[in-house]
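Okay, structure first, notes after.
Both ligands and their constituent atoms are indexed starting at 1 by order of listing. Note: hydrogens, waters and symmetry copies are ignored here, and every other heavy atom, side chains too, is used. Small disclaimer: the values here were computed from a predicted structure and weren't measured.
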Amino acid sequence: MKILITGGAGFIGSHVVRKFVKKYPNYTIYNLDALTYAGNLENLKDIDSLPNYKFIKGDIADEMFIAKLFKEHMFDGVIHLAAESHVDRSIADPMAFVRTNVIGTVNLLNAFNCIWGEDFVNKKFYHVSTDEVYGSLGTEGLFTESTAYDPNSPYSASKASSDHFVRAYGETYGLPYVITNCSNNYGPYHFPEKLIPLFINNIIENKPLPVYGDGKYTRDWLFVEDHAAAIDLVFHKGKNHETYNIGGFNEWQNIDLVKLLCDVMDKKLSRPIGSSQKLISYVKDRPGHDLRYAIDASKINKELGWKPSVTFEEGLEKTVDWYLSNKEWLNHVTSGDYKEYYKNMYKQE
Ligand code: NAD
Ligand code: TYD
């Protein structure tokens, strides 16, 4: 089996590539990635010499390149993770999100259709999406697979659009697809622009921790390796033309999560308990900030037997340990362009 994984040099993609390359030596895994600021081949250096792994540098928004690549390799399956993924960047530059998340996805769908259009037997197009397409919950309720889409940020609007295209290709052309909508991930190799890795890096450097608004916004957090395990399961066992919600059964208000993280970091860095919490700094809110995301993951649990394998406390400790033992990785990704991004975003060095 030849499987194309897009965005494999990013955070979640690198965990998925690693899992597939190691677990399925009889598959050839092609990792297609444009290596944007978020893509980093260092994330895969432990597996990149294995014989069933191939890296291809390229842009999914480049229609001709994608069409040619699919004709050349005749991929049996696609696991599509490549995306612009950060809400704050989508507010600053929505068009980059339309280009990669919408146009890039449609290019992949067209190319897959073009090579297999007459015969989709044993073929699969797996689209990895987010719970953010459902919009924002109030204090009650959970997102289910039948919750109506109601995206609020340019990021979630672009992901919602890509989900609709995938579903439409299933209805119109019979494309064999599955979609998963997952909650917030955390873990090793997470680029330090998202809440948890940004705050870990700032605590290490004794910099302020910029909590948006009142800090009462709520997210459901899942350890990235549990997401990769769910992707493996859905790719192999998920039903065609179905969507599955994936979540951690693990809701946290941002401020409570940040305080827990501060305490874990103090312990690991042998600093007096309470010192990192002093870095908390409430800053201007994100425009259109979704109040709460929470996932009902009972479908994937009942139908495929998936559930998270680690508690949040365990996952957070593993994550912190990883960042503290991979300072070189952190130094690399926070040099260069990152400094400019940070200055523009947070108005601080
Ligand atoms: P990421 O930003 O860490 O990685 C994205 C990867 O895509 C990078 O390696 C980047 O180089 C690559 N890429 C970007 N534009 C490209 C293009 N035009 N052509 C080819 N490659 C390109 O993202 P992530 O957090 O790993 O998210 C992966 C997927 O999972 C995304 O589709 C995202 O919407 C989805 N998702 C993420 C989360 C989360 O919490 N991070 C939760 C649910 C779903
Ligand atoms: P983030 O990690 O960007 O994920 P998403 O917006 O996709 O859920 O943000 C998680 C939560 O943390 C969200 O409510 C915004 C908040 N947040 C801050 O308070 N400060 C920050 O510097 C960042 C990046 C996020």
For this session: Verify salt bridge (Lys or Arg N to Asp or Glu O under 4.0 Å) between K19 and E225, making sure each step is shown before the conclusion.
Result: CA-CA 9 Å; K19 179 173 257 319; E225 287 175 16; over 6 Å; no

Within less than 4.0 angstrom of ligand 1, does [X] place any heavy atom?
X: S14; result: no
X: G104; result: no
X: D33; result: yes
X: G8; result: no

Exercise. Which is closest to atom 5 (C) of ligand 1 in terms of heavy atoms, A83, A96, G7?
Worked result: A83

Exercise. Which is closest to atom 19 (N) of ligand 1 in terms of heavy atoms, I103, I60, I246?
Worked result: I60

For this session: Starting from the C-alpha separation in whole Å, work towards a yes-or-no answer on side chain to side chain contact (heavy atoms under 4.5 Å, CB included) for L261 and I200.
Result: CA-CA 8 Å; L261 176 64; I200 290 175; 3.8 Å; yes

Among protein heavy atoms, which lies nearest [atom], and at what distance?
atom: atom 43 (C) of ligand 1; result: C182 O, 3.3 Å
atom: atom 34 (O) of ligand 1; result: Y155 OH, 2.7 Å
atom: atom 26 (O) of ligand 1; result: I12 N, 2.8 Å
atom: atom 15 (N) of ligand 1; result: T100 CG2, 3.5 Å
atom: atom 18 (N) of ligand 1; result: D59 OD1, 2.8 Å
atom: atom 40 (O) of ligand 1; result: N185 N, 2.9 Å
atom: atom 3 (O) of ligand 1; result: F11 N, 3.0 Å
atom: atom 4 (O) of ligand 1; result: G10 CA, 3.5 Å

List ligand 1 atoms under 4.0 Å from [X], heavy atoms only on the residue side.
X: A82; answer: 7 (O), 21 (N), 22 (C)
X: V128; answer: 30 (O), 32 (O)
X: S183; answer: 42 (C), 43 (C)
X: G58; answer: 19 (N), 20 (C)
X: N184; answer: 40 (O)
X: S129; answer: 43 (C), 44 (C)

For this session: Record the part of L35 in heavy-atom contact with ligand 1 below 4.0 Å; permitted values are side chain, backbone, both and neither.
Result: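 It is the backbone that gets close, since no side chain atom is under 4.0 Å.
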
Exercise. Between the side chains of S309 and D226, does any donor sit under 3.5 Å from an acceptor?
Worked result: yes

For this session: Tell me whether the guanidinium CZ or amine NZ of R286 lies under 6.0 angstrom from the six-membered ring centre of Y217 and within 45° of its axis.
Result: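 No, R286 does not lie over the aromatic ring of Y217.
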
Would you mind listing each N/O atom of ligand 2 next to any protein N/O under 3.5 Å, plus the distance?
| from | atom 1 | to | atom 2 | distance (Å) |
| --- | --- | --- | --- | --- |
| ligand 2 | 2 (O) | L195 | N | 2.9 |
| ligand 2 | 3 (O) | R286 | NH2 | 3.0 |
| ligand 2 | 4 (O) | N184 | ND2 | 3.3 |
| ligand 2 | 6 (O) | R286 | NH1 | 2.5 |
| ligand 2 | 6 (O) | R286 | NH2 | 3.4 |
| ligand 2 | 7 (O) | E132 | OE2 | 2.5 |
| ligand 2 | 8 (O) | N184 | ND2 | 2.9 |
| ligand 2 | 8 (O) | R219 | NE | 2.7 |
| ligand 2 | 12 (O) | N254 | ND2 | 3.4 |
| ligand 2 | 14 (O) | R219 | NH2 | 3.3 |
| ligand 2 | 14 (O) | N254 | ND2 | 2.9 |
| ligand 2 | 14 (O) | H289 | NE2 | 2.7 |
| ligand 2 | 19 (O) | Y212 | N | 2.8 |
| ligand 2 | 20 (N) | P210 | O | 2.7 |
| ligand 2 | 22 (O) | P210 | O | 3.4 |
| ligand 2 | 22 (O) | Y346 | OH | 2.7 |

Problem set entry | Minimum heavy-atom distance L279-I203, with the two atoms named |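 Answer, listing the atom of L279 first, then I203: CD1-CA, 4.1 Å.
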
Exercise. So, for F11 and V224, which heavy atoms are closest and what is the spacing to 0.1 Å?
Worked result: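 Scanning both residues completely, I find the closest heavy atoms to be CZ-CB, 3.6 Å.
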
Within the supplied structure, the quantity of interest is the number of heavy atoms (other residues, nucleotides, ligands) at a distance under 6.0 Å from [X] [atom1]; does it exceed 12?
X: E140; atom1: CD; value: no
X: K2; atom1: NZ; value: yes
X: Q277; atom1: CD; value: yes
X: N344; atom1: CG; value: yes
X: E328; atom1: CD; value: no
X: M64; atom1: CE; value: no
X: M95; atom1: CE; value: no

Problem set entry | Within-4.5 Å side-chain heavy-atom neighbours: Y37 and E84 | yes

Exercise. Under 4.5 Å between any side-chain heavy atoms of M265 and F199, yes or no?
Worked result: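 They are not in side-chain contact.
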
N/O of [X] under 3.5 Å from N/O of ligand 1, yes or no?
X: A61; answer: no
X: K159; answer: yes
X: L81; answer: yes
X: H190; answer: no
X: S85; answer: yes

For this session: For the pair R99 and D59, find out whether any cationic side-chain nitrogen is under 4.0 Å from an anionic carboxylate oxygen.
Result: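 Salt bridge flag = yes for D59 with R99.
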
For this session: Could you walk me through whether R292 and E251 pass the salt bridge (Lys or Arg N to Asp or Glu O under 4.0 Å) test, one step at a time?
Result: CA-CA 9 Å; R292 176 171 165 260; E251 281 185 59; 2.8 Å; yes

Problem set entry | Positive for ring pair (Phe, Tyr, Trp, His ring centres under 6.0 Å) with F223, one of W322, Y186, F249, F312 |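 Among the candidates, only Y186 passes.
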
For this session: Determine which pairs satisfy ring-ring contact (aromatic ring centres under 6.0 Å, His included) with at least one residue from residues 127-151, sequence neighbours left out, and list them in order.
Result: H80-H127, Y134-F143, Y134-Y149, Y149-H164

